[in-house]
Amino acid sequence: MHMADALESAVSTVLNTLYGWDGPVELQETRKDFEGDATLVVFPFLKLSRKSPADTAREVGEALLAATPLVVRYNAVQGFLNLVLSSEQIQARFDAIRTAEAWGTASVDPAAPAAMVEFSSPNTNKPLHLGHVRNILLGHSVSRILEASGRKVVQVQIINDRGVHICKSMWAWQQFGGGITPESAGKKGDHLVGDFYVRFDQEYRGQVRELMAQGLDEEAAKAQAPCMRAVQEMLRAWEAGDTEVRHLWATMNSWVYDGFNETYRRLGVHFDRNYYESETYVLGKHDIEEGLARGVFYRRDDGSVWIDLREEGLDEKLVLRRDGTSVYMTQDIGTAIQRFADFSIDRLTYVVGNEQDYHFKVLFLILKKLGYAWADQLYHLSYGMVDLPSGKMKSREGTVVDADDLLHEMEATARSLSEELGKTEGLGEAEKAKLYQVLGHGALKYFILKVDPRKRMVFNPEESIDFNGHTGPFIQYSHARIKSILRKAEGRPAAWSWAEVSVDERSKELIQTLDRFPEAVQQAARTYSPAVVAQFAYDLAKAFNSFYQANPILNAETEALVGFRLELCATTASALRSALDLLGIEAPERM
RNA sequence: GGUCCCGUAGCUUAGCUGGAUAGAGCAUCUCACUUCUAAUGAGACGGUCGCGCGUUCGAAUCGCGCCGGGAUCACCA
């Protein structure tokens, strides 16, 4: 039970006795400038009390003193009743926190249906970039948070492995590759394939220019460019199952997957199941036919199939082309249904950029109209784009921030900062490399996850991400310092009991911050927002640093106090580690 | 044009199920390391919460209308 829960019910009882109030009672944290642990706003009760705000506050305060041992003091400031909790309450809270199995997180019920989270979902024609990084970090963190809220989670990605884009890379590789492979080039496969995608684009633009010089207009030139025709021919061959094309396709895609997996590994994420569009693009047609029979969709004279969503404030939307082939929507309908058949899940979250808000609104509506009960449990975690100071990232202009490069730069920054500060003495080369990775990635991940997912964010590659202040490394540092103290304390007997120690103000604030952890996790899960956990982790680190500055640990006045503070330190360290873990950030033992 | 999202100190942002004097970090300026890691702590400076009207005892928070930024409205994916 949260500290406030017992108090809330006591307040509720008092209000009912005094004024016959039976509505909800909400307490808030007392502002720092006033004495107290919890505050009741009495304005809502004035009509019933028929007294001034201050008098009402005092009346409720007196009644609470008499009614419950939880409250030892109160003060009334205008309409605000500030309540001071008994020290037994604080002690009881810390007892609950330190004895908890994994404070803050709920245990997963393995029998209950899981929550599925789809994220990353790349195309196989180029390497991952900064936009994917935000997506991946959000998806992974939300998955961890859902788990911590007591849900089993299935993480999936859908890989767009077929279509013109990959044929472009394939064609360029055939033309200009000279049989090169990731091994022979010494290059990650996704980057190598991406190079050929760029190569194609160069070729294409050259051909278009040439044709236009010969007098064709732009549209005609684009359609007639030989390389584009070749690619379209290749796509047809792919669809017809041409052995050679399929073989090349499989080979180049496997290069890309090796590259992606390397990046995923560095980021510390994984997927329980991959869906491939080459397999899922046929899904959905059957469901459309069924819906057509039940009148959810309608067929136009030309044979195309539509849904009318004008009553819902949207438009009419095509779900099957005139020639009976699928559109994106068709496939998404089929894939969603497939997933609920593949797994025991009762909800599905899509981590996809806000440019697809409309698409998902329509998709969810259609599934609802098709009568799936789980349609209400579909959620589009819509996040804002990552832009550069100059605007959008554009691959043509070479302004795309590559994920691998970015990770490498973060590690390099961590290295130079650590060396500058002289923090790496006594570490082996492997340990150092590991530490720079942990810190650099921690800085990047926190930088991205601390902001509300919905907000678009600007990333300036010229300015390195901070390691001081409201950052990942700040939290990691707080953890490392605690671990350092705990190492020094090893073997020291430090038994203590509440009879021997009293809780000072900083310790109390630290305990109260720790106490918020479970609620922070639940709120983050409810709102699909890692930013809530990020903010909590920061608050906790801050509360600890304040406490630490004011209180000697190993040199405390009494051995009992040493024991108490050590336990408070250890409890804080593990909470910090858990919170960082929910963000996909590692907590170093030293730094 | 219709629809959706965003707008809080110079910059990055928290607060958004309505509550006290709107919290942080960066930057700038003080102070604190012979003492458990100064990637830290304590403090100063900095705000018409885009603008207006409304609801309310009370609005950054809710409603309406503007302004600014972004996205989207393809038989593209």
Side-chain angles (χ1 to χ4, degrees), chain A residues 24 26 28 30-34 39-44 46-47 53 77-80 82 123 160 162-165 277 281 300 302-306 313-315 317-329 331-332 353-359 361-362 382-385 387 391-392 414 417-418 420-423 439 443 447 450-452 454-458 460 463 466-478 480-489 531-532 534-535 538-539 541-542 544-556 562 565-566 569 590-591:
Chain A
E26 278 191 30
Q28 49 185 294
T30 303
R31 286 182 62 101
K32 283 259 182 334
D33 352 339
F34 300 96
T39 293
L40 177 74
V41 181
V42 301
F43 288 107
L46 297 186
K47 275 178 191 148
V77 183
Q78 297 166 54
F80 298 88
N82 302 320
N123 290 350
N160 188 5
R162 59 156 220 122
V164 273
H165 60 271
E277 293 206 346
Y281 82 109
R300 286 191 181 169
D302 65 6
S304 57
V305 180
W306 297 71
L314 305 174
D315 300 315
K317 186 82 188 172
L318 176 96
V319 292
L320 265 188
R321 291 196 186 100
R322 173 170 40 184
D323 60 7
T325 55
S326 301
V327 288
Y328 194 38
M329 189 63 74
Q331 168 182 317
D332 271 3
N354 62 12
E355 59 207 347
Q356 293 193 37
D357 284 356
Y358 183 74
H359 174 79
K361 207 175 271 186
V362 171
S382 162
Y383 63 92
M385 296 290 103
D387 292 324
K392 279 192 159 182
L417 276 174
S418 299
E420 207 174 291
L421 292 166
K423 298 279 191 181
L439 297 181
F447 176 80
K450 77 171 177 181
V451 321
D452 185 328
R454 286 174 305 177
K455 290 189 172 169
R456 78 183 257 273
M457 63 192 299
V458 176
N460 190 344
E463 294 170 17
D466 234 308
F467 282 62
N468 298 322
H470 189 181
T471 67
F474 167 85
I475 301 164
Q476 291 173 314
Y477 178 66
S478 307
R481 283 214 289 193
I482 299 174
K483 282 320 197 51
S484 170
I485 296 165
L486 296 178
R487 275 194 300 275
K488 287 209 164 74
V532 173
Q535 186 67 41
Y538 177 67
D539 290 344
K542 249 177 102 72
F544 172 77
N545 287 330
S546 257
F547 155 81
Y548 177 58
Q549 193 76 18
N551 295 302
I553 314 293
L554 297 173
N555 300 320
V562 171
R565 287 180 182 163
L566 276 175
C569 282
R590 58 163 290 185
M591 64 185 272

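Letters go in sequence order (proteins before strands), and every chain restarts at 1.
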Contacts of A:R321 meeting salt bridge (Lys or Arg N to Asp or Glu O under 4.0 Å) (sequence neighbours excluded), chain-then-number -> none
Solution key, residues 467-475 of chain A side-chain donor-acceptor pairs under 3.5 Å, sequence neighbours excluded:
{"from": "A:H470", "atom 1": "NE2", "to": "A:Y446", "atom 2": "OH", "distance (Å)": "2.9"}
{"from": "A:T471", "atom 1": "OG1", "to": "A:F467", "atom 2": "O", "distance (Å)": "3.4"}
{"from": "A:T471", "atom 1": "OG1", "to": "A:F474", "atom 2": "N", "distance (Å)": "3.2"}

Whether each nucleotide of nucleotides 67-74 of chain B has a protein heavy atom under 4.0 Å at its base (B), only at its sugar-phosphate (S) or at neither (-) is summarised, 5' to 3', as ----SSS-
side-chain contact (heavy atoms from CB on, under 4.5 Å) filter on A:D302, not counting sequence neighbours, yields A:R300, A:S304, A:R322
Taken to the nearest whole Å, CZ/A:F474 to C1'/B:U13 is 16 Å
Contacts of A:S546 meeting side-chain contact (heavy atoms from CB on, under 4.5 Å) (sequence neighbours excluded), chain-then-number -> A:R506
#### Entry: Short side-chain N/O contact to B:A39 OP1/OP2 from A:K423, under 4.0 Å
yes
In whole angstroms, the gap separating P of B:U12 from CG of A:N468 amounts to 19 Å
Has A:H165 got a side-chain atom pairing as donor or acceptor with A:N160's backbone, closer than 3.5 angstrom? yes
- Query: Is any side-chain heavy atom of A:V41 closer than 4.5 Å to a side-chain heavy atom of A:Q28?
  - Reply: yes
query = Using a cut-off of 4.0 Å on non-hydrogen atoms, how would the nucleic acid contact of A:F34 be classed: base, sugar-phosphate, or nothing?
reply = base
- Message: Less than 3.5 Å apart, any donor N or O on the side chain of A:R481 or A:N545 sitting next to an acceptor on the other?
- Response: yes
For A:F544, the ring-ring contact (aromatic ring centres under 6.0 Å, His included) test, sequence neighbours excluded, returns A:F547, A:Y548
A correct 5'-to-3' footprint of nucleotides 54-63 of chain B, with B, S and - meaning base, sugar-phosphate only and no protein heavy atom under 4.0 Å, is ---B------
Side-chain contact check for A:D33: nearest option of B:U21, B:A20, B:U37 is B:U21
Encoded 5' to 3' (Watson-Crick or G-U under 3.5 Å; [ ] crossing; | other strand), RNA chain B becomes (((((((..((((.....[...)))).(((((.......))))).....(((((..]....))))))))))))....
Pick out the pairs of N or O atoms, protein on one side and nucleotides 42-45 of chain B on the other, that lie under 3.5 Å.
{"from": "B:A42", "atom 1": "OP1", "to": "A:S546", "atom 2": "OG", "distance (Å)": "2.8"}

Across all chains, not counting sequence neighbours, the ring-ring contact (aromatic ring centres under 6.0 Å, His included) partners of A:F34 are none
Residues at least two apart in sequence or cross-chain that pass salt bridge (Lys or Arg N to Asp or Glu O under 4.0 Å) with A:K483, listed by chain then number, are A:E589
Can you give me the N/O atom pairs linking the protein to nucleotides 28-34 of chain B at distances under 3.5 Å, or say none if there are none?
none

